[in-house]
Student: 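One structure follows; several queries about it will come next.
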Amino acid sequence: MTQTRIAAVADIHMGEDLRGHFRPKLHGIEHRAEVLLVGGDLTRHGTIAEARVVADELRDLPIPVIAVLGNHDYHSDAEQAITSIMRDAGVTVLDDEATILSLNGTTLGVVGGKGFGGGFAGKCASEFGEPETKAFVRHTRQIADRWRQALHGLDSDHRVVLSHYSPVKDTLMGEPTEIYPFLGSYLLAEAADEEGADLIVHGHAHLGTEKGLTPGGIQVRNVAVPVIGTAYMVYSLNAA
Amino acid sequence: MDAPHYVAARVQRALAEDERTVELGIRVDVRGNQIFLRGRVSAPERRLLIEDVAREAAPGLSVHNEITLVEVREPGEEEHL
Ligand SMILES: [Fe+2]
Ligand SMILES: [Fe+2]
């Protein structure tokens, strides 16, 4: 039985002071996993200098690396440049789109993007009232729509969603409930539940917990470094 | 003296917006004239920097730095889904 082993980490928040600290931890990753997913907040301030550090840490790994950006990577309005720097280092950066990898005979489809907030069913913002509120919620809804489309067109043995923001509350446990609307949105889970996926990986909630489940039964894992305490986690999916 | 509520909010905001920290993952609690900082960061310098920024945002209060260091271990066993 062939397995697809997915290594995943988020919130590595690199800066010049951490240069050279992360790469050694990835040594031998090719014996443990077929692909590495990086769930956003690559940097602290979203600067080009920080992005160069991240690129150097992830460059030329023996397995494919797929990443999305996080809110910190948007802080300096340099997200386009950061994306280019990562791509030049051989990292596939997903911005609400899909990619398919062929890994020892099985295909793995990954749909990814930053995601956004809004909260969770019954306790969330809606597109009502002031334009600022509407814009906030609309941003998440549009992202969820793009994920739904990307998943819909995806023909692969396995499907994984890579996000920065959380699709469920489960993995936020440990965070103050007052800030849940800034940590994720149920709209992200809803899109995945409608179209189907084997796993959703995210970060962002540094004080949260690792494991959760969508209402539709998709496994969710929060792989923020402060949560997992390791350089990455490995999740293996059985042959389809 | 400001209400503890506003002090905590001011420190939290300073940690998020100060260029030296840009830190959103720290819990700030104020009890009387004491501030408690809790969370996990990746480098010891960062732990101290957060304390500095918190101190500047709330001068005169005593800061209890309970932030711990994430020691990034080697990855463990894989999980079968
Ligand atoms: Fe983060
Ligand atoms: Fe984040």
Side-chain angles (χ1 to χ4, degrees), chain A residues 3-9 11-15 17-18 21-22 24-29 32-33 41 43-47 50 71-72 75-76 158 160 174-176 179 182-183 198-199 204-208 210-211 218-219 221 224-238, chain B residues 3-31 34-54 56-57 64-81:
Chain A
Q3 288 179 340
T4 304
R5 296 168 303 170
I6 295 161
V9 64
D11 300 84
I12 57 175
H13 287 289
M14 301 292 300
D17 56 332
L18 290 177
H21 283 232
F22 190 63
K25 305 271 173 32
L26 300 177
H27 183 76
I29 191 171
R32 296 170 180 214
D41 276 4
T43 65
R44 288 190 193 125
H45 309 72
T47 64
E50 289 171 340
N71 54 320
H72 282 247
H75 184 65
S76 301
H158 294 295
V160 172
E175 295 278 0
I179 66 166
F182 300 101
L183 298 178
D198 301 288
L199 170 67
H204 190 49
H206 292 203
L207 301 172
E210 187 200 352
K211 295 181 185 181
I218 301 171
Q219 295 289 345
R221 295 292 180 270
V225 164
V227 171
I228 61 176
T230 66
Y232 55 89
M233 297 300 283
V234 179
Y235 305 110
S236 80
L237 306 174
N238 282 332
Chain B
H5 189 85
Y6 295 125
V7 177
R10 193 166 69 227
V11 171
Q12 194 106 53
R13 190 169 159 193
L15 294 179
E17 294 178 4
D18 192 298
E19 284 298 304
R20 291 169 294 171
T21 48
V22 206
E23 180 61 62
L24 300 146
I26 301 296
R27 269 190 102 137
V28 180
D29 292 299
V30 176
R31 305 258 177 283
Q34 308 186 88
I35 298 184
F36 296 85
L37 304 173
R38 299 187 181 102
R40 306 178 77 188
V41 297
S42 50
E45 308 78 46
R46 199 158 169 73
R47 201 180 156 272
L48 297 175
L49 209 50
I50 290 168
E51 183 179 325
D52 288 346
V53 171
E56 287 169 27
H64 296 260
N65 189 342
E66 296 179 1
I67 298 166
T68 54
L69 286 176
V70 189
E71 134 224 22
V72 179
R73 303 181 307 268
E74 288 293 316
E77 284 294 289
E78 66 190 55
E79 183 192 357
H80 294 265
L81 297 179

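Chain naming here is simple, since letters A, B, ... match the order of the sequence lines and numbering starts at 1 in each.
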Student: Give, as side chain, backbone, both or neither, the part of Ile179(A) having an atom under 4.5 angstrom from any heavy atom of chain B.
Tutor: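 Answer is neither: Ile179(A) stays 4.5 Å or more from chain B.
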
Student: For each of His72(A), His21(A), Met233(A), His206(A), tally heavy-atom pairs with chain B at distances under 4.5 Å, and name the one with the top tally.
Tutor: His72(A)

Student: Drop me the distance from Ile35(B)'s CD1 to Arg10(B)'s CZ, to the nearest 0.5 angstrom.
Tutor: 8.5 Å

Student: Taking all atoms of both residues into account, what is the closest heavy-atom pair of Arg20(B) and Val53(B), and its distance?
Tutor: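 Shortest heavy-atom contact: NH2-CG2, 3.6 Å.
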
Student: Just to be sure I understand the criterion: a residue of residues 41-50 of chain B counts if one of its heavy atoms is under 4.5 Å from a heavy atom of chain A. Which ones qualify?
Tutor: Ser42(B), Ala43(B), Glu45(B), Arg46(B)

Student: Using non-hydrogen atoms only, which part of Arg44(A) is less than 4.5 Å away from chain B: side chain, backbone, both, or neither?
Tutor: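 Both the backbone and the side chain of Arg44(A) come within 4.5 Å of chain B.
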
Student: Heavy-atom distances under 4.5 Å only: say whether Asp11(A) touches chain B with side chain, backbone, both or neither.
Tutor: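 For Asp11(A), there is no contact with chain B at all, as no heavy atom is under 4.5 Å.
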
Student: Output the option from Gly25(B), Pro75(B), Gly39(B) having the highest count of non-hydrogen pairs under 4.5 Å with chain A.
Tutor: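 Among Gly25(B), Pro75(B), Gly39(B), the one with the most close pairs to chain A is Pro75(B).
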
Student: Please list, chain by chain and in numerical order, all residues satisfying side chain to side chain donor-acceptor pair (under 3.5 Å) with His45(A), sequence neighbours excluded.
Tutor: Glu50(A)

Student: The criterion is side-chain contact (heavy atoms from CB on, under 4.5 Å); which residues satisfy it with Ile218(A), sequence neighbours excluded?
Tutor: Ala192(A), Asp193(A), Ala197(A), Ile200(A), Thr214(A)

Student: Would you say Glu23(B)'s side chain and Ala14(B)'s backbone share a donor-acceptor pair under 3.5 angstrom?
Tutor: no

Student: Tell me every residue that passes side-chain contact (heavy atoms from CB on, under 4.5 Å) with Glu79(B), counting only those two or more places apart in sequence or in another chain.
Tutor: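 Per chain and number, Glu79(B) pairs via side-chain contact (heavy atoms from CB on, under 4.5 Å) with Glu210(A), Lys211(A), Arg221(A), Tyr235(A), Leu81(B).
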
Student: Any side-chain to backbone donor/acceptor pair from Asn71(A) onto Asp41(A)? Under 3.5 Å, distance only.
Tutor: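 A pair under 3.5 Å: no.
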
Student: Are more than 12 heavy atoms from other residues, nucleotides or ligands located less than 6.0 Å from atom CZ of Phe182(A)?
Tutor: no

Student: By a 4.5 Å heavy-atom criterion (distance strictly below it), what part of His27(A) contacts chain B: side chain, backbone, both, or neither?
Tutor: neither

Student: Do you know which two heavy atoms are closest between Thr21(B) and Leu15(B), and how far apart they sit?
Tutor: OG1-O, 2.7 Å

